[in-house]
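Remember, it's 1-based here, ligands and their atoms both numbered in the order they're listed. Residue numbers start at 1 and run along the sequence shown.
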Amino acid sequence: MNSLADSTARRLALRRKAGLYRRRRTVESRAPSDPNLLRVDGTECIAFCGNDYLSLGTNAKVVEACQRAVRIHGAGSGASHLISGHSAEHRMLEEELADFTGRPRALLFSSGYMANLGVASALLGRHDTLLEDRLNHASLLDAAKLSGARLLRYRHGDADALGERLTGRVAGNRMVASDGVFSMDGDLAPLPDLARHCARHAAWLMVDDAHGFGVLGGGRGSVAHFGLSGTEVPILMLTLGKALGSAGAAVVGDDDLIDTLIQHARTYIYTTALPPAVAAAARAALAIVRDDPAPREALQRNISRFRHAARQLDLPLGGSETPIQPLLTGASTRTARIGELLFERGFWVGAIRPPTVPAGKARLRITLSSAHRPAQIDALAEGIAAALKAIPA
Ligand SMILES: *Cc1c(COP(=O)(O)O)cnc(C)c1O
C-alpha cells in the first residue's frame, strides 16, 4: 500500500518523463477588437486552439442577449430541470434547436460530456452492445462504461468494419455511436455508410456532432451535410460550447426518445440546469447561425488560406477540410517542445499527445475561426515551419 503523497508523486514524475504532463495556461484578457488576440500568462498571443469557430462567443448580439437574461433571471438556474431550474430561455432554446434541425424535440444538457453519458446510460444496459469508432471522443467511450453495455470498437472511419462487427453475434440492443467530425483529426465520419449498416442490422445510430453543428450543412451539422433523415440518425447530440460560443449541449430526436431521456438520463436529472443566460446566449448564436451565412463563409476562407499556406511551406498537413487542422509531429516530447516554442513566438496552438490521440500520433491541433485575419494565418504557417526546423524529429 502506498501513501497518497507517494502515489501521486510517482505518477506525476512518470507523466513528466514521458512528455505527457499537461498544464494550464490562464487567459487574462482578450483584445476588444480581435477575439483571438489574448493576454495569456502575462504575454500576448494569437490563439489558434479554441473551438469558437464562428467567433460567436464575443459577438455583440450574443453578449447582449446574455446580459439581458442575467438581469431577468439572475446568474444561475437555481435547480435541476425537473425541480425548478427549467426556465423559458431553456424551453425556447429547445424548441428552436428542434426546429432548426428538423426534429420533433430537443433536450438540453449541461455539457456534451454529460449528454453522451446520459444517452448511453438511459438507453442501454449490461445486456446491450455499444459499437464505436476507435477515435471517438473520450466522452463516448466513458458513456459505454457508465451504461454497462459491452463496448465494441471498429476501425476509424471504416463503415465496412462496423458492418462486420454487426454481422457477428452481438448481444441485446445495438447502438452505434460516432463523432460526426472527429475532434482531433477534423475528418468526417462516413455517416451515410454507417446509417446503411445500422438500418440493415436494426442498430440505433447516434451522431455526436460537437464539431459539425454550426459549421457544416448550412449550420445544421454533419447529418444535414450528408442529407440524412431522423430515421437514419435517430439520436443526434450537438454542443453549444463550440461553434455556438456558449456552453451546454442538446440531444435532438423524436418525442419518445426525449421523454425517455427525461425519465432515465441521470446526468440530466441529477444536475443543475445551465444558467438561463447561457441558454439566452445560445439562442442568439443559433439565430445568427440560422440567418447569416457570413461567419461560415469567413471561416471557410480562413481554412482554405491556412491549407494553401501550409502546402506552400510543405507542412505535414492532413486531409481535413474542417476548422480542425492537425499537423502530425510524432513523438510526444517533440510535440510539447514545438508547442512551447510557438507559444514563445506568440502563437497558441494545441500540442495534443496520448492518451488523447494514439501513441506516436502526437500533433499540433490548429483550429481556425471566422475572425482570424489573413496576416495572422500566414504568420502562423511560417512560425510552424520555423519551429519544425528548429526542433527536428
Ligand atoms: C467537446 C466534445 C464533447 C464534449 O462537449 P462539452 O460540451 O465540451 O462537454 C463531446 N464530443 C465531442 C466529439 C467533443 O468534441
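Environment of CZ in Arg15: crowded, with over 12 heavy atoms of neighbouring residues, nucleotides or ligands closer than 6.0 Å.
Those atoms of ligand 1 with a heavy atom of Ser183 less than 4.0 angstrom away are 15 (O). Remark: ligand 1 atoms within the under-4.0 Å shell around heavy atoms of Asp208 are 10 (C), 11 (N), 12 (C), 13 (C). Residue contact check: Ser111 has heavy atoms under 4.0 Å from atoms 7 (O), 9 (O) of ligand 1. Residue Ala210 approaches ligand 1 through these ligand atoms, each under 4.0 Å from one of its heavy atoms: 2 (C), 11 (N), 12 (C), 13 (C), 14 (C), 15 (O). For ligand 1, the atoms closer than 4.0 angstrom to any heavy atom of Asp179 are 13 (C). Residue-ligand proximity, Ser139 to ligand 1, at heavy-atom distances under 4.0 Å covers atoms 10 (C), 11 (N).
Between Asp378 and Arg305, at least one side-chain nitrogen of the basic residue sits less than 4.0 Å from a carboxylate oxygen of the acidic one, meeting the salt-bridge criterion. Checked for salt-bridge contact, Asp185 and Arg363 meet the test: a charged N lies under 4.0 Å from a carboxylate O. Contact check on Glu382 versus Lys389 returns no salt bridge, with no Lys/Arg side-chain nitrogen under 4.0 Å from an Asp/Glu carboxylate oxygen.
Proximity of His211 to ligand 1, defined as any heavy-atom pair under 4.0 Å, is confined to the side chain (atoms from C-beta onward). Contacts between Ala249 and ligand 1, counted as non-hydrogen atom pairs separated by less than 4.0 Å, are absent for every part of the residue.
In terms of protein heavy-atom proximity, atom 1 (C) of ligand 1 is closest to Lys242 NZ, 1.4 Å.
Here the OG1-CG distance, from Thr267 to Asn116, works out to 9.0 Å after rounding to the nearest 0.5 Å.
Among His137, Met184, Met237, the residue whose heavy atom sits closest to atom 3 (C) of ligand 1 is His137.
Ring to ring, His372 and Phe306 are not that close: their centroids are 6.0 angstrom or more apart.
On a distance-only criterion, Tyr113 and ligand 1 share at least one N/O pair closer than 3.5 Å. Considering both main-chain and side-chain atoms, Gly112 comes within under 3.5 Å of ligand 1 through a nitrogen or oxygen pair.
Here the side chain of Thr335 pairs no donor or acceptor atom with the backbone of Ala351 at under 3.5 angstrom. At distances below 3.5 Å, not a single donor-acceptor pair connects side-chain atoms of Ser222 with backbone N or O atoms of Gly180.
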